[in-house]
Q: 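Could you have a look at this structure, given as structure tokens, before my questions?
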Amino acid sequence: MTTSTLTSKDHTEGVRRPGRWLALSVLVLAVLLVAVDATVLGLATPFLSEDLKPTGNQLLWIGDVYSFVIAGLLVSMGSLGDRIGRKKLLLIGATAFGAVSVLNAYATTPEMMIVARALLGVAGATLMPSTLALIRNLFHDPRERSLAIGVWGAMASAGAAVGPVVGGFLLEHFWWGSVFLINLPVMAVLVFVGIKLIPESKNPNPGPWDLPSVLLSLLGMIGVVYAIKELASHGPSVDAGLAVLAGAGALTWFVRRQLTLPAPLLDMRLFRNRGFSGAVLADLLTILGLSGLVFFLSQFFQLVQGRQPLEAGLAELPAAVGAVTAGLIAGLVARRFSVRAVVAGGLAAVGLSLAVLTTLDQSTGYPLLGAALLVVGVGAGFAFTVTADVILSSVPKDQAGSASAVSETAYELGAALGIAVLGSIVTGVYRGFTAPVGIPSDIASAAHESLGGAVEASGALAPETATALVSAAQQAFVEGLRIAAGVGAVVLLATAVVAWFLLKGQKLEEGVEH
């Protein structure tokens, strides 16, 4: 054996930190919980509607404000972790996440629930970029890092599908607030074990944290997403126009400010890299398809096909199985074939599954739905994991938090847009249904707010009339779901084509870092 081989081997062993896989297992706990919390409310929606009696708009805000706030703060929090220490930020965020979960569990009004979900988003924004950045510093061997990111990506993708299973079990045995209280023991384990196992890392020359940039990114992201939601729900309006102008203006100002700061929150020059930009776009739209589908199929299984919460959650399990399996082998497959083939193929798989759902009706059998969910999970697992690897390996280690935040912003914005845009299409079509003749105006009004509201309001009617009202509402909901699936399919398939060209020549790293 040559001296150079010995040196290479010794170096490889030297960069393989002891306990790194145990540390990873703690980090993915946080990822799993944040992802679960993005979708767990899908199953709880009927129960929450009955208890808090939100309007249709309030219900959408309860569902998506969490992801909006996370998306708006991720870049800022990723940069903050680079500055004060990613481990420190992770542990602070985990403690806050547990505390705010209690506030969510015991919310007594729709307004209180919206505020509590927003605060949970603030805490969640500290967790996600910290976990991915810490992986960048725990694993210096690119192949090991690909596997670690695969585990991380599998948990992030699977969390969206595991949420309904966890929620279903809890909702059959406890009240809806229990879906938040489950966060407490997990966060306690994360804090106590994380203190011992996770090494601290940060940028040695970080520069100051720019508060105006923080506010601009938050206002810009929320403004744009709110405008999209309003346009999809109600068509063009003054509110939507003002929101999109304010949001776009804030984001433009944010970008210009980053280009002039000596130590920006986010180095905008990264986007000049075609592969980096393609990975971010693919990241966002993969999750848009996955989260939108999971959120609305939860309601379809319960309120249209009459399944119990746990049964509805288990029905969505194929998406988690597909995401976990694909995530774990994504790095290997991308090295064997190519990054662009895996990412474009994953996006196309999600798009084709959504296209299949345009044939959906109230009596659609589970084999078709289960197969569509499995393919969505596999596609999302491949695309999301490989794009995260591309994004993270494109930057120096000291900028890992900022790069992770870009990946996470795409993830959370995709989740928010999946619920907001596809959900607004479903809501817009649903509200147009014609209630049967003779139904009192107050009951008809409640029925038009949401499908859950229609089911609850029908309880005050005679059996035949109640059945007619619920049937009309279900038909309208399914029609909205078909149209939303069609829109999603077109977007995902178009993105698959774009990703094929943008990711040309992109490769995953091979050599061990020095």
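The residues of the chain are indexed from 1 along the displayed sequence. When reading the values below, keep in mind they use all heavy atoms of this one structure, side chains included, and skip hydrogens, waters and symmetry mates.
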Q: When rounded to the nearest 0.5 angstrom, what is the spacing between CG in Leu251 and CG in Leu216?
A: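 So the CG of Leu251 and the CG of Leu216 are separated by 8.5 Å.
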Q: Check for a donor-acceptor pair, side chain of Thr95 on one end and backbone N or O of Leu91 on the other, with a separation under 3.5 Å.
A: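 Present.
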Q: Checking Tyr106 now: which residues fulfil ring pair (Phe, Tyr, Trp, His ring centres under 6.0 Å) with it, not counting sequence neighbours?
A: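 Here the qualifying residues are Trp175.
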Q: State, with a plain yes or no, whether a side-chain heavy atom of Val324 is found less than 4.5 Å away from one of Leu328.
A: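 Val324 reaches Leu328 side chain to side chain.
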Q: A side-chain contact here means heavy atoms from C-beta on lying under 4.5 Å apart; do Arg256 and Thr260 qualify?
A: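 No, their side chains stay 4.5 Å or more apart.
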Q: Please check if the side chain of Arg340 supplies one atom and the backbone of Lys504 the other of a donor-acceptor pair under 3.5 Å.
A: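 No; zero donor-acceptor contacts below 3.5 Å.
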Q: What I'd like to find out is whether the side chain of Val390 reaches to under 4.5 Å of the side chain of Val339, using heavy atoms alone.
A: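 In short, these two side chains touch, coming nearer than 4.5 Å.
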Q: How long is the gap from CZ on Arg86 to CG on Leu27, to the nearest 0.5 Å?
A: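 Between Arg86 CZ and Leu27 CG, I get 12.5 Å after rounding to 0.5 Å.
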Q: To the nearest 0.5 Å, what is the distance between CG on Leu357 and CG on Leu352?
A: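 Here the interatomic distance stands at 11.5 Å.
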Q: In the structure I gave you, are the side-chain heavy atoms of Val186 and Leu190 within less than 4.5 Å of one another anywhere?
A: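 Contact flag for Val186/Leu190 side chains = no.
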Q: Please step through side-chain contact (heavy atoms from CB on, under 4.5 Å) for the pair Thr126 and Ile92, ending with a clear verdict.
A: CA-CA 8 Å; Thr126 68; Ile92 292 170; over 6 Å; no
Q: State, with a plain yes or no, whether a side-chain heavy atom of Phe97 is found less than 4.5 Å away from one of Leu120.
A: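 Of all side-chain heavy-atom pairs linking Leu120 with Phe97, at least one is under 4.5 Å.
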Q: What residue among Leu503, Thr387, Val498, Leu347 forms side-chain contact (heavy atoms from CB on, under 4.5 Å) with Leu281?
A: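 Testing Leu281 for a side-chain contact (heavy atoms from CB on, under 4.5 Å) against Leu503, Thr387, Val498, Leu347 leaves exactly one candidate, Val498.
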Q: Taking the side chain as everything from C-beta on, heavy atoms only, tell me whether Arg117 gets closer than 4.5 Å to Val69.
A: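 Side chain of Arg117 against side chain of Val69, heavy atoms only: no contact under 4.5 Å found.
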